[in-house]
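Letters A, B, ... are given to chains in the order of the sequence lines, protein chains preceding strands, and every chain is numbered from 1.
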Amino acid sequence: MTTLELLSEAVASGKSKDAKALVQRALDEGTAPVEIVDRALVPAMASVGEQFKNNLIFVPEMLIAARAMKEAMSLLEPKLLAAGITPKYTAVIGTVQGDLHDIGKNLVAIMWKGANFRVIDLGTNVSPAKFVAAVVEHKAQLVGLSALLTTTMPAIVETVKAIRGGVGQAVKIMVGGAPVTQQFADEIGADGYAPDAGSAVDRAQALVGAA
Amino acid sequence: MTTLELLSEAVASGKSKDAKALVQRALDEGTAPVEIVDRALVPAMASVGEQFKNNLIFVPEMLIAARAMKEAMSLLEPKLLAAGITPKYTAVIGTVQGDLHDIGKNLVAIMWKGANFRVIDLGTNVSPAKFVAAVVEHKAQLVGLSALLTTTMPAIVETVKAIRGGVGQAVKIMVGGAPVTQQFADEIGADGYAPDAGSAVDRAQALVGAA
Amino acid sequence: MNTSAIPAGETIPGDGSASVQSVAKANFGVSVPLKFRELAIPRADDLLFGTAPRPLVTRHGLRIGGGMVYPELNFTLPTMDVSAATMPLVARHYREIISDALRRAGELEVPGVVIEFETVPPMTATPAFGLEIVNILLEGMEAARQSHGLRSALRMTPNDNREFARPPVMRSGEYWERMVELFEGSAEAGAELLSIESVGGKELHDEALMNCDLGQVIFSQCVLGVRDMAFLWERLCVIARAHGAVGAGDTACGFGNTAMVLAEQKMIPRVFAAVVRAISAVRTLVCYEHGAVGPGKDCGYENPILKAITGRPMAMEGKTAACAHLSPLGNIAAAYADTWSNESVQNIKLLGGMAPTCYLEQLAYDCRLMNRALGEGRESALTLRRWLVDSDAGLDPQAWILTPESVIAIATAIVDAPDHYRAGLAAARCALRRLKEAHAGGRLKIVPRELGFLDSMERQLDELPDAEGDFIEQQMALADPAKYLPEEYGL
Amino acid sequence: MNTSAIPAGETIPGDGSASVQSVAKANFGVSVPLKFRELAIPRADDLLFGTAPRPLVTRHGLRIGGGMVYPELNFTLPTMDVSAATMPLVARHYREIISDALRRAGELEVPGVVIEFETVPPMTATPAFGLEIVNILLEGMEAARQSHGLRSALRMTPNDNREFARPPVMRSGEYWERMVELFEGSAEAGAELLSIESVGGKELHDEALMNCDLGQVIFSQCVLGVRDMAFLWERLCVIARAHGAVGAGDTACGFGNTAMVLAEQKMIPRVFAAVVRAISAVRTLVCYEHGAVGPGKDCGYENPILKAITGRPMAMEGKTAACAHLSPLGNIAAAYADTWSNESVQNIKLLGGMAPTCYLEQLAYDCRLMNRALGEGRESALTLRRWLVDSDAGLDPQAWILTPESVIAIATAIVDAPDHYRAGLAAARCALRRLKEAHAGGRLKIVPRELGFLDSMERQLDELPDAEGDFIEQQMALADPAKYLPEEYGL
Ligand SMILES: [Zn+2]
Ligand SMILES: [Zn+2]
Ligand SMILES: [Zn+2]
């Protein structure tokens, strides 16, 4: 196996130390940082995401892979930054105002990062204005709104309105969370809906044209 | 007991023959037709409606009273008509397009008649245009829309729109039927909602200002 | 048809060759003797959920009535209209329903599930709409079978649109033809169990209920309804045979359940609704006389009586159909269920998930409980049946006539009668007698303002003539001639 | 508190005089020994629905745990926000819910009903909103009692808003004060059963679940949660006593049920969720150590363990809470229910009526069945319990740890431990051992990709120190210090 293949395997199986060492070896072998990302790290996380989506692995297993990816990236990021290379797509994500639930939102954030999105996580109980400001500031192509309470679904509506009022159709809006349905997403003019974290990556990539 | 009291009792207990005879006796005694209606028949049916609403009697018991009322009226109507006296309020009622259920609608029609409304029953599967035409033709103060299927609730919405478009706020619109809720009535701009036939009379009278 | 020639353990046939056109026109105006002359289940203790003398084996091996109760899931659209413009959304709903509900069924490891597709009127009026959904459901069912081995069968129940004509045209015309077309297409596509909630006679029955008029009730159901069902079910069973499907069963939904709902709303007395239910068994029986093999339609609370008569498996619904209607029969209905149904629920979101999936889960657990008792053997199953029956029987006359002893008594009264009219009369008398006895013995609660109706119903029955011909003449004189077309019933 | 001094058959007291301010500040940072040192129900065959050694008698005479299972109805608003502007509409919803559901309860002649009012966050944040609804519900309940003799009791469950501060402030400040205000006002208005789904420790527990980290699970629940509940429940019981109400119970909803839902979504292994459930019993137990008398909160699936330890009645929910969440515990949960709940359903229209009314009906029939079995005596009730348990136990690890034998084993492990930390450890070990044994013996199905977690959980437990002090030190070093405030737990 090549170094990149070994690296990919190390990340997918969550071996942080091995991953870091293999990144160093690949760099030593003269592989360009962007190639290490595109040919080893992103495919590794894509495969992990796929296994997760198909219920072959659980969240903790995905999380250790994500951690290995992060370790690997810690060596690469300064070099990519120096070369002016950043992820192609930026996503803003948060739980809407009045709602504190973040498990689903956190999972989606992790999976988007694995798919090489830059993810700005605004946390929970986020006001519409804060969403709009973040989309503008980070030039996001995608924004993800999450809610778990039925009492906070109106806050999704308000947030969608605020984003459309602020930046129009320029940003794709995805919504999710236990009480949200495709029908609700359609009605409020969101661009996408994902019933679970597993399908949120495909949907996001399709929306921004990365699929 | 006076003749009018006896008549009232005969109607309430559904004795058609007695009721007819007692109307004749009252007329013979020189009581004015309009007084017979107002002081014997309407109170009798109001008491029957009240008993029905409070679950003290069943529909068949209400129906025989309504039949006795009808018998009694058959003697009075020509005289009232000749004197130019007609019921003060006219109501149009029907089951909306695409729906055939009429039990509830029929009951409401009977109860409204008992409360001395003139009732134009358009039957079932009634188009919005037909509702509008009937409201205009009969100068109705009230229109009742009924639906039982969830697939025909959109037809209620269409019918309300058509009526508002045709005659504006001039007519009060009541809606009812199994899938209908107060919330739905509010949302579509209906004036009233009754969860059951028993409460449809009070609601109708309040709406037209007869209560 | 010689019913004793039907083999126990009916299997859905591979294919057939007869066609709906080949059924000779018969004169249904003449009095037809009952075909079932004895009970398939003569003893009350053999009337049991999950167990039928003549079980039905489906293509994928569900043995309905063969020792296990299966969930039967029903669902419908949220509030919306159905037209060419909305069909993409309609299709999406059904795709979502079937994949989500069957995924859950797989997770709960149900041993099999019956899916019922009951159309809304526009889907019968435009069979292409209905067929599109049939195919979506069958695909979803096949996907679930392949991915996690979930066995299922599709029950197809087109809405009976014939009453859209007023007065209804029952045997020809647009409504009839489109309905037949949908039946044909569905059976061809793979729907295995053909069912209907047929409406023959309903055009007079609604008013009969409002007037608590037992003569008109019997006329609507046992004269008009019986003749319509004979005509209809002959043809449905031809269609079924031609495509390797079966005629499953009908229901007196528009009759017995309308009465029950009116009674729940305190519009008519419960004792009256109870007698109407007993009468309705005679009408629904006709589908089995003309080839239906079960499972009878879920909402037919007369099904226990028909199970006793025919030995066929029956779908039942009770407490877990509260999503579709409230009832006084929540537990007792389960005592006889071979499939256990939620009747109908809209595809709307509940906190726990989409409503059809939530109800699938509830049905699955109900069935698990019944199947545990069945798995321990007959004595255990009878213990559970006793609790289910005693739970409801004493509190409502409609429940009382569904006790095993009432069921056997009414079923016996029916098979002992010479024709459908007198069977209806006998069923009514039997039900009335059982209500009176139970109330007198303190075993059944009847509220005071209903008591007078027991006697008035008896008086009504006493005034009905003995011979069907006289009865028909008497009742036709009373019925509103603008409301129905006697010739559509061969009268 | 000397638990052996509690009289059997607790009755809700008339009134009291202590005040919430009078509770002395205690140092909850030190290890607290468990108060329950033996099981109130030591034999598996005495663990039974409708039956608790220490029943609770309510003001209007419900005897919860006294030989009968009562429905406990829960409901919430449709999708809408709650603010001063929408309160008239909010009030209309609750008025409609209570009158419609109790009318149906009366028609079904339920022997009594518990109504739970669980607030949404804005109703705790603005206690006047919550109190307006409390009064509406109490009026509706009183009206039903007067018009058709329906007995009921109100359980008040304010949403625990303390986590709205991040990191959460547990013992003071706006969120705490408004919540106490709502508890006070509700008890004063007549809410009889005070409950809460308290959130102490949840701020670390969510991540512990995601990582399947048992050390952090035990730290969150048995160190943080236990200390928070001791603080909280001391005060709630003072409020209750002051107004003649009782502290009913808490639940590990945000812990055990979050794990269960994540397992249903295949996010984390079911075996892990099962062990989390066992651990959660230690946390929830604390409310009973500090004066709660039951019925424990419906969604606490750890309640059977707590019933065994405390002898207090428990609310349970299962299949008929599918409206609120799917679960693998649909039937087995009923085996221990003293009240039987639907957890929560929105006030939306189903075809059969408003959803809370439909669910009231379903609960009523479920309870009728259990009460029939109970009415026949202990052997019959144990027969039904056997079916309920066997229905689910072998199919899911979370169900397996709720078999009567598992419940007694885990309960015993807890009361034998010297303190809450070691009780959590013992509960986890016991649950793990039972899962392994059952799987090895072929009695419990565990899917292959979960099997590895059995060993990895055991390894995790082996790495935890013996002494609580060492454990706290170890886990605090691992926890994200930005997420919680140790001093809010007396650490
Ligand atoms: Zn039906
Ligand atoms: Zn909960
Ligand atoms: Zn609850």
Open item on the list: Taking the side chain as everything from C-beta on, heavy atoms only, tell me whether T124(B) gets closer than 4.5 Å to R166(C).
Closed with: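 Answer yes - side chains close enough.
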TODO: Answer yes or no: is there a side-chain heavy-atom contact under 4.5 Å between L63(B) and N211(C)?
DONE: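 L63(B) reaches N211(C) side chain to side chain.
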- [ ] Please report the C-alpha distance between I103(B) and T258(C) in whole Å, then the side-chain angles of each, then the deciding distance to 0.1 Å, and finally whether the side chain to side chain contact (heavy atoms under 4.5 Å, CB included) criterion is met.
- [x] CA-CA 9 Å; I103(B) 289 182; T258(C) 300; 3.5 Å; yes
TODO: Determine the minimum heavy-atom distance between P60(B) and M267(C), stating which atoms define it.
DONE: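 For P60(B) and M267(C), the tightest heavy-atom pair comes out as CD-O, 3.8 Å.
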TODO: Specify the closest pair of heavy atoms between D102(B) and D206(C), including all atoms of both residues, with the distance to one decimal.
DONE: OD1-OD2, 3.8 Å
Open item on the list: How long is the straight-line distance from CD of E158(B) back to CG of D81(C), given to the nearest 0.5 Å?
Closed with: 8.0 Å
Open item on the list: Quick check for you: to the nearest 0.5 Å, what is the distance between R270(C) atom CZ and F58(B) atom CZ?
Closed with: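 Reported value, rounded in 0.5 Å steps: 8.5 Å.
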Open item on the list: Does any backbone or side-chain atom of N125(B) lie under 4.5 Å from a heavy atom of chain C? Answer side chain, backbone, both or neither.
Closed with: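 Side chain only.
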- [ ] Answer with side chain, backbone, both or neither: which region of F184(B) has an atom nearer than 4.5 Å to a non-hydrogen atom of chain C?
- [x] neither
Open item on the list: More than 12 heavy atoms of other residues, nucleotides or ligands under 6.0 Å from CD of Q265(C): yes or no?
Closed with: yes
TODO: Flag yes if more than 12 heavy atoms outside K172(B) fall under 6.0 Å of its NZ atom; otherwise flag no.
DONE: no
Report which part of [X] has an atom under 4.5 Å of a heavy atom belonging to chain B: side chain, backbone, both, or neither.
X: M80(C); answer: backbone
X: P121(C); answer: side chain
X: F272(C); answer: neither

TODO: Please determine, among R449(C), K266(C), Q346(C), E450(C), the option with the most heavy-atom pairs under 4.5 Å with chain B.
DONE: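 Most pairs with chain B among the choices: R449(C).
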Task: Top of V447(C), V82(C), V120(C), I268(C) for chain B proximity - count of heavy-atom pairs under 4.5 angstrom - done: I268(C)
Task: Option in T152(B), L107(B), L100(B) with maximal non-hydrogen atom pairs under 4.5 Å from chain C - done: L100(B)
Task: Leading residue by heavy atom contact count with chain C [cutoff under 4.5 Å; candidates A197(B), A155(B), P154(B)] - done: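 Greatest number of close heavy-atom pairs with chain C: P154(B).
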